[in-house]
Asker: 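What follows is a structure written as structure tokens; I'll ask about it next.
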Amino acid sequence: MTDISTHILDQRMRSPVYNASGVMCRETTELEAVRHSDAGALVSKSCTLEARDGNPEPRYAATPFGSINSMGLPNHGYRYYLDYAAHYDYTDKPLFISISGLSLADNLHMLDAFQRLKRPLLPEVNLSCPNVPGKPQLGYSFDDMATALTAIHAAMDIPFGVKLPPYFDISHFEMAAEIFNRFERLKFLTCINSIGNGLVVDTDSETVLIKPKNGLGGIGGDYVLPTALANVNTFYRLCPDKQIIGCGGIGAGEQVFQHILCGASAVQVGTRLWEEGAGLFTRLNQELVAIMQRKGYQCLADFRGKLCTL
Ligand SMILES: O=C1NC(=O)NC(C(=O)O)N1
């Protein structure tokens, strides 16, 4: 029997695949749809202290090879997700909670509220939303990121993770990894968030596709797979005491396989889930099993992190 189960920390997932924060996770009805699907876990929409409407629409568009979005963190405010986490049945599948405070104080306040629940939820601190005008991505300001993680690590008794922007320069990988490796309770790194501030143009209308920021938005889908895999594999190598959760460019079992081969312990799906719906998880699980059977692998550990170099 081909086993596609995995663990994040001590929490078992029957499938390594689940939603990316931001997709099918703003409403409790959406979270429940993921929970009742073949996803192995679920993560909530990045929350802020107060509810937000987000950016003006149109703010999401599917494109030939993926998507562009500038949602602007629309969410119901952290209390809404706190209530879901308080009543959640943790024996079913792991629940990740994405936190994206507009300030360090907001992040600390929300994280403290979640850890006071004394439930095994897994906080994923979003350091990489590219779409809040005037709010630079913390993941790209190394000193500010180090300061924030120092304060968060000091305040957090429970393990947590971070959602990272894509890095592109080797020196940036090394500086970021050196920061992450300072923090023992920082246990997982989710690589990557969308590639920030791309621009997609419609030739016929000679117009951008989304309204915010003159059309600039986070790029997801097929476009980002090589960057996502590079971030997964590089942080897998540089942060051996952390688990890597892969995100970016997953549309079929093959990309799930590639993310795990590069070192991912689990993977998240955004664009393809937005376009296909929750039946995606069933398809991806089946396609992953087929690849493993073709290659003679019994479980994910048979190939996790075993990418060959030349
Ligand atoms: O972290 C985020 N990444 C994105 O690509 N979009 C959302 C958003 O805009 O809310 N947030």
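Counting starts at 1 for both ligands and their atoms, in listed order.
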Asker: Can you confirm whether the side chains of Asn126 and Ser21 place a donor and an acceptor under 3.5 Å from each other?
Answerer: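 No pair is found: no donor N or O on one side chain lies under 3.5 Å from an acceptor on the other.
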Asker: Indicate, with yes or no, if the rings of Phe303 and Phe257 have centres closer together than 6.0 Å.
Answerer: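 Centroid separation for Phe303 and Phe257: below 6.0 Å.
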Asker: For Tyr223 and Thr63, test the side chains for any donor-to-acceptor distance below 3.5 angstrom and give the result as yes or no.
Answerer: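 Yes, Thr63 and Tyr223 have a side-chain donor paired with an acceptor closer than 3.5 Å.
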Asker: So which protein residues pack against ligand 1 under 4.0 Å, heavy atoms counted?
Answerer: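 The 4.0 Å shell around ligand 1 contains Lys45, Asn69, Met71, Gly72, Leu73, Pro74, Asn126, Cys129, Pro130, Asn131, Asn193, Ser194.
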Asker: Between the side chains of Thr190 and Glu124, is a donor N or O closer than 3.5 angstrom to an acceptor N or O?
Answerer: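 Note: Thr190 and Glu124 side chains meet the donor-acceptor criterion.
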Asker: Side chains of Asn197 and Lys213: do they bring a donor and an acceptor to under 3.5 Å?
Answerer: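 Checked: Asn197/Lys213 side chains pair up, N/O donor to acceptor below 3.5 Å.
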Asker: With a 4.5 Å limit on heavy-atom distance, are the side chains of Ser265 and Ile8 in contact?
Answerer: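 SC-SC contact between Ser265 and Ile8 confirmed.
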